[in-house]
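What follows is a single structure, written as structure tokens, with notes after it.
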Amino acid sequence: MSILVVGSVALDSVETPFGRADRIVGGSATYFAAAASLYTKVNLVAVVGTDFPMEQLNFLTERGVDTRGLQVADGETFYWSGRYDYETNTCESLDTRLNVFADFHPVLPEGYEESDFVFLANIDPVLQDEVLMQVPQARLTMLDTRDLWINTKREALTEAIRAVDVVTMNEEEARAFVRTYGTLTATKALLNMGPRIAIIKQGEYGCAMIGEDGYFSVPACPQEDIKDPTGAGDTFVGGFLGYLDRIGEVTPQTVRRAIVTGCALASYTVEEFGIDRLRSLTLDDINKRYQELFRCTQFE
Ligand code: AMP
């Protein structure tokens, strides 16, 4: 079992009320791989520039992530900067520089095409589509996106969503994409485009999903020490798909468990700036928060 991920490997500058970090390692594919690799084999496709501190990804190769698909191109690494206020669910993107991603075309190294799951992490939907064409036999495909692509590549994004099994977005982005105030309406509209499952990420409030057994919703893991929400969404998906790939069965019940696993993982990412908390995370840590979430959502 393995998961192919295409997305950004980035340098991020992030500001929150609790501090700031400059040019730290981030990116949608990085957070995803750090989370999913705790459960299964991850095959990474992305590009970085010659300025990227490759040694920072050593912990991923140690966890078995295949980085043959990580190209190093002449130029600067994708750069993103963002700011969060006390409202952690709303991020203001201050700067996005595609840099080496502007001329990137994903090429799958030998064997990647056999990945049974595919995650098209947040990246230009044209690139997401290019990857999708190369893996026609994938058992399950999933797509995430964010503000920039909703605002600038609406048509390509719509095409890509039509082609995947699972779509996910932040609540605010889903409303903007579908042009509605109602989260339930937005979720249904995403489903009507073609996917079997639509998951709306609600940041500190958890997430809502409509799947084959109808509507399901869980809160985020109760957490007091939040420093930086960046990457929580990608970590969530890493836990979600990583768990499902390890279990090997996609049923309404395993999908619900995968969602809770994703929430448990994401609750750790927000404890530190960048990917640091994910470096040392263990399955025991995740299980602890999974059980907490189970306890605090039970009622008769
Ligand atoms: P999240 O907080 O889970 O939505 O993801 C944050 C990560 O997404 C950061 O590490 C950024 O480097 C990356 N990111 C931000 N904007 C974009 C974009 N337009 N395309 C690809 N990756 C992005």
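All ligand and atom numbering here is 1-based and tracks the order in the structure. Hydrogens, waters and symmetry mates play no part in the numbers below; they use all other heavy atoms, side chains included. In this text, all values refer to a predicted model and were calculated from it rather than measured experimentally.
As a member of the Ile/Leu/Val/Met/Phe/Trp/Tyr network built from side-chain separations under 4.5 Å, Ile210 groups with Leu184, Leu191, Tyr215.
Every atom of ligand 1 is numbered from 1 in the order shown, and the set under 4.0 Å from a heavy atom of Ala10 is 12 (O). Applying the 4.0 Å criterion to heavy atoms of Gly27 picks out, from ligand 1, the atoms 9 (C), 10 (O), 12 (O). Atoms of ligand 1 found under 4.0 Å from any heavy atom of Gly26 (numbered from 1 in listed order, with element): 10 (O).
Residue contacts with ligand 1: Gly233 is placed with a nitrogen or oxygen under 3.5 Å of a nitrogen or oxygen of the ligand (distance criterion only). Annotation: Tyr31 places no N or O atom under 3.5 Å from an N or O atom of ligand 1; distance criterion only. Residue Asp234 has at least one N or O atom closer than 3.5 Å to an N or O atom of ligand 1. For ligand 1, the polar-atom distance check finds an N/O of Ser8 within less than 3.5 Å of one of the ligand's N/O atoms. Geometrically, ligand 1 and Phe78 share no nitrogen or oxygen pair separated by less than 3.5 Å.
For atom 20 (N) of ligand 1, the nearest non-hydrogen atom from the set Phe101, Tyr84, Trp149 belongs to Trp149. Proximity annotation for atom 21 (C) of ligand 1: of Leu98, Asn122, Thr96, Asn122 comes nearest, heavy atoms only.
Between Phe104 and Phe101, the angle of the ring planes goes over 60°, which puts this pair in the perpendicular group of the 30/60° scheme.
Ion pairing between Arg146 and Asp144 fails under the 4.0 Å rule for side-chain N and carboxylate O. Salt bridge annotation for Arg97-Asp95: present, with a cationic side-chain nitrogen under 4.0 angstrom from a carboxylate oxygen. Between Arg20 and Glu15 there is a salt bridge, with a side-chain nitrogen of the basic residue lying less than 4.0 Å from a carboxylate oxygen of the acidic one. The residues Arg175 and Glu172 are annotated as not salt-bridged, no charged nitrogen and carboxylate oxygen being separated by less than 4.0 angstrom. Ion pairing between Asp12 and Arg23 fails under the 4.0 Å rule for side-chain N and carboxylate O. With salt bridges taken as basic N to acidic carboxylate O contacts below 4.0 Å, one links Glu271 and Arg289.
Shortest contact from atom 2 (O) of ligand 1 to any protein heavy atom: Gly231 N, 2.8 Å. Closest to atom 4 (O) of ligand 1 among all protein heavy atoms lies Arg146 NH1, 3.2 Å.
With a 4.0 Å heavy-atom cut-off, ligand 1 is reached by the side chain of Leu148 but not by its N, CA, C or O. Contact annotation: for Asp12 versus ligand 1, heavy atoms closer than 4.0 Å belong to the side chain alone.
Here the straight-line distance linking atom CZ of Arg139 with atom CG of Asp245 works out to 7.5 Å at 0.5 Å rounding.
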